Undergrad: 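Take a look at the following structure, please.
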There are 2 protein chains.
Amino acid sequence: MAQSEHRLPVELFLDLDRSGPVPLYYQIASRLEQAILDQTLPAGARLENEVALAARLGLSRPTIRRAIQDLVDKGLLVRRRGIGTQVVHGKVTRNVELTSLYEDLERSGQKPETQVLSVEVVPADEAAVEALGVDPGSRVLHVQRLRSADGVPLAILDNVLPEQFTDLDREALEKHGLYQLLRARGVTMRVAKQRIGARAASAREADLLDLSRGAPVLTMVRTAFDNSGVAVEFGQHCYRPDRYSFEVTLVDR
Amino acid sequence: MAQSEHRLPVELFLDLDRSGPVPLYYQIASRLEQAILDQTLPAGARLENEVALAARLGLSRPTIRRAIQDLVDKGLLVRRRGIGTQVVHGKVTRNVELTSLYEDLERSGQKPETQVLSVEVVPADEAAVEALGVDPGSRVLHVQRLRSADGVPLAILDNVLPEQFTDLDREALEKHGLYQLLRARGVTMRVAKQRIGARAASAREADLLDLSRGAPVLTMVRTAFDNSGVAVEFGQHCYRPDRYSFEVTLVDR
DNA sequence: TAGTGGTCTAGACCACACA
DNA sequence: GTGTGGTCTAGACCACTAT
């Protein structure tokens, strides 16, 4: 019964750690998410109401509410006033997150490889000034890389970084993802603004990606900001569309 | 000074409506957002701390916190524990939201037009069963439309809807956006899961979109769910990439 | 040490949906 | 009416950052 009341076994929430560093709402949300993923909570199932759930778990209502809201934002649950909370139908899809292509590939079990096409320190051009908010003519690092997975070329990555990163060298860029290198320097990515489009591959792009000339490529331009709100990376990427696409979940708030 | 403490004029928050239906946190968030957009709060500006702000406005801290969090989720603000809250550098970009192409075009001042290529009731095929979760062989509505803006063809929209919408007719689909029609029937879209990619246009697509054969098209396949978590629409769209692209803001939570 | 955001509590009242 | 989620209050303690 899709509409039936659903009473979660208390066992799911028994071993909550109230002293550790992991927030209670996060522990709750994780257990709920797992229950949805493994169909313990099937599609359409109705959750126990917030007040009762809070009481049963010995938590305050705002805490259980925060946990539920996180799953609503992920597109796993829907709420209706006067009705209740239900599990969304439809398969769960892993989402585009604030990670690099390198990490995406690693997580999905593929082996990412990077060939550095060029790396040089240049004066910021107009586009870099606009995107990064650096001073005109200041020195920036310009990197071009070819990313492959399991030996197949996947994407051409063109990135510009502000002056503080001009000492990144070819060897480091061959061995690690760009975001890994930034994190190792204490930079935390917080916000990224992306535009996704398509166009025909140039002769050089087609050559690098092993495509025929004029073949379609998927494009993404992105500016990423760290936790102080300052731009730390501007990227113009193009992907082989038969090997890569973007997944996005939208939630009305 | 980008890092300077910023004390918002009290006037910005004077006319809060405590009796109307608009939530206080929403009123606060809107005023803050406007102040960021018109540079009253310039990039890098530091907000007054939450406790003081709440006291000054005569609100509780959770309320002001909710307002700030909404803007963090929109990518306008960044928070750091022990430091404070700052305005993100970089221009604000309007985001992909849970709206239809029709409404996107209207909002940006263009005049959307729709040509219905075909509309028919058919038994659900495998893809429809998979995407919508309907019973195999049940009747679904299959619609193909060509969407233009200011007289230029922009996208081919292929949609499948479950049985309850099989009475939608050609005339209504010519005059209104699909989401408008659904809303008029009391359907509220809550969640959409999309995949964005690229490929070469087929001969028919190239013809309809006024492109040369094999030209790149931007593609999006989407399943949308209503507020009860049930799938109400499955769409496979392709766009002229020189006229359309997707904007996405990612925020680390 | 002082100041910041992050988490959590224990209530309250309201708006909306359904029988 | 009864039950649900939506909003709001007035505190508390903690973890982290900078000086």
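Convention: sequence-line order gives letters A, B, ...; per-chain numbering from 1. Predicted, not measured: the structure shown is a model, and the values here were computed from it.
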Undergrad: Provide, to the nearest angstrom, the distance between the CG atom belonging to B:Leu77 and the P atom belonging to C:dT4.
TA: 16 Å

Undergrad: Check this for me: does any side-chain nitrogen of one of A:Arg107 and A:Glu103 sit under 4.0 Å from a carboxylate oxygen of the other?
TA: no

Undergrad: Under the side-chain hydrogen bond (donor to acceptor under 3.5 Å, both in side chains) rule, collect the residues that match up with A:Glu174, sequence neighbours excluded.
TA: none

Undergrad: Just to verify, what does A:Ala55 make a side-chain contact (heavy atoms from CB on, under 4.5 Å) with, not counting sequence neighbours?
TA: none

Undergrad: Side chains of B:Asp158 and B:His142: any donor to acceptor distance under 3.5 Å?
TA: yes

Undergrad: Does B:Thr85 place a side-chain N or O at less than 4.0 Å from the phosphate oxygens OP1/OP2 of C:dT4?
TA: no

Undergrad: Applying salt bridge (charged side-chain N to carboxylate O under 4.0 Å, His left out), name anything that partners A:Asp167, two or more places apart in sequence or on another chain.
TA: A:Arg185

Undergrad: Quick one: is B:Tyr25 getting a side-chain N or O under 4.0 Å of the D:dT7 phosphate, OP1 or OP2?
TA: yes

Undergrad: With a 3.5 Å cut-off and sequence neighbours excluded, list the donor-acceptor pairs that the side chains of residues 18-29 of chain A form with protein atoms.
TA:
| residue | atom | partner | partner atom | Å |
| --- | --- | --- | --- | --- |
| A:Arg18 | NH2 | A:Gly58 | O | 3.1 |
| A:Ser19 | OG | A:Asp17 | OD1 | 3.2 |
| A:Tyr25 | OH | A:Arg66 | NH2 | 3.2 |
| A:Gln27 | OE1 | A:Asp17 | N | 2.8 |
| A:Gln27 | NE2 | A:Asp17 | O | 2.9 |
| A:Gln27 | NE2 | A:Val22 | O | 2.9 |

Undergrad: State which residues pass side-chain contact (heavy atoms from CB on, under 4.5 Å) with A:Ala124; sequence neighbours excluded, sorted by chain then number.
TA: A:Ala128, A:Val129, A:Val134, A:Ser138, A:Val140

Undergrad: For DNA chain C, what string of dots and brackets results from 5' to 3' when Watson-Crick and G-U pairs need both distances under 3.5 Å, crossing pairs get [ ], and pairs with another strand get |?
TA: ||||||||||||||||||.

Undergrad: Quickly work out the B:Asp17 CG to D:dC8 C1' distance and round it to whole Å.
TA: 15 Å

Undergrad: Can you find a heavy atom in the side chain of B:Met220 that is under 4.5 Å from one in the side chain of B:Gln236?
TA: no

Undergrad: If I take atom CG in residue B:Leu57 and atom P in nucleotide D:dA10, what distance separates them, rounded to the nearest angstrom?
TA: 14 Å

Undergrad: For a quick test of reading the model: is some side-chain N or O of B:Arg18 closer than 4.0 Å to OP1 or OP2 of D:dT9?
TA: yes

Undergrad: Going by number, which of residues 59-69 of chain B have a non-hydrogen atom under 4.0 Å from DNA chain D?
TA: B:Leu59, B:Ser60, B:Arg61, B:Pro62, B:Thr63, B:Arg66

Undergrad: CD of A:Glu50 versus P of C:dT9: gap in Å, rounded?
TA: 14 Å

Undergrad: Between A:Asn49 and D:dT4, is there a side-chain N or O to OP1/OP2 distance below 4.0 Å?
TA: yes

Undergrad: What is the separation between atom CG on A:Asn227 and atom C1' on C:dG5, rounded to the nearest whole Å?
TA: 13 Å

Undergrad: Restricting both atoms to N or O, compile the protein contacts to nucleotides 15-19 of chain D shorter than 3.5 Å, with distance only.
TA:
| residue | atom | partner | partner atom | Å |
| --- | --- | --- | --- | --- |
| D:dA15 | O4' | B:Arg81 | NH1 | 3.1 |

Undergrad: As a test of reading the structure: which of D:dC8, C:dT7, C:dG6 is closest to the side chain of B:Pro23, going by heavy atoms?
TA: D:dC8

Undergrad: C:dC8 C1' sits how many Å from A:Leu16 CG, rounded?
TA: 14 Å

Undergrad: Taking only residues two or more places apart in sequence or in another chain, which ones pass side-chain hydrogen bond (donor to acceptor under 3.5 Å, both in side chains) with B:Asp226?
TA: B:Ser228

Undergrad: Looking at residues at least two apart in the chain, or sitting in another chain, which of them share a side-chain hydrogen bond (donor to acceptor under 3.5 Å, both in side chains) with B:Glu50?
TA: B:Arg61, B:Arg65, B:Arg79

Undergrad: Whole angstroms only, please: what is the CD-C1' distance between A:Gln86 and C:dA17?
TA: 13 Å

Undergrad: Between B:Leu53 (CG) and D:dT9 (P), how many Å, whole number?
TA: 13 Å

Undergrad: For B:Tyr102, enumerate each residue passing the side-chain hydrogen bond (donor to acceptor under 3.5 Å, both in side chains) test, keeping only those at least two apart in sequence or located in another chain.
TA: none

Undergrad: Taking salt bridge (charged side-chain N to carboxylate O under 4.0 Å, His left out) as the test, write out the residues that go with A:Asp135, two or more places apart.
TA: none

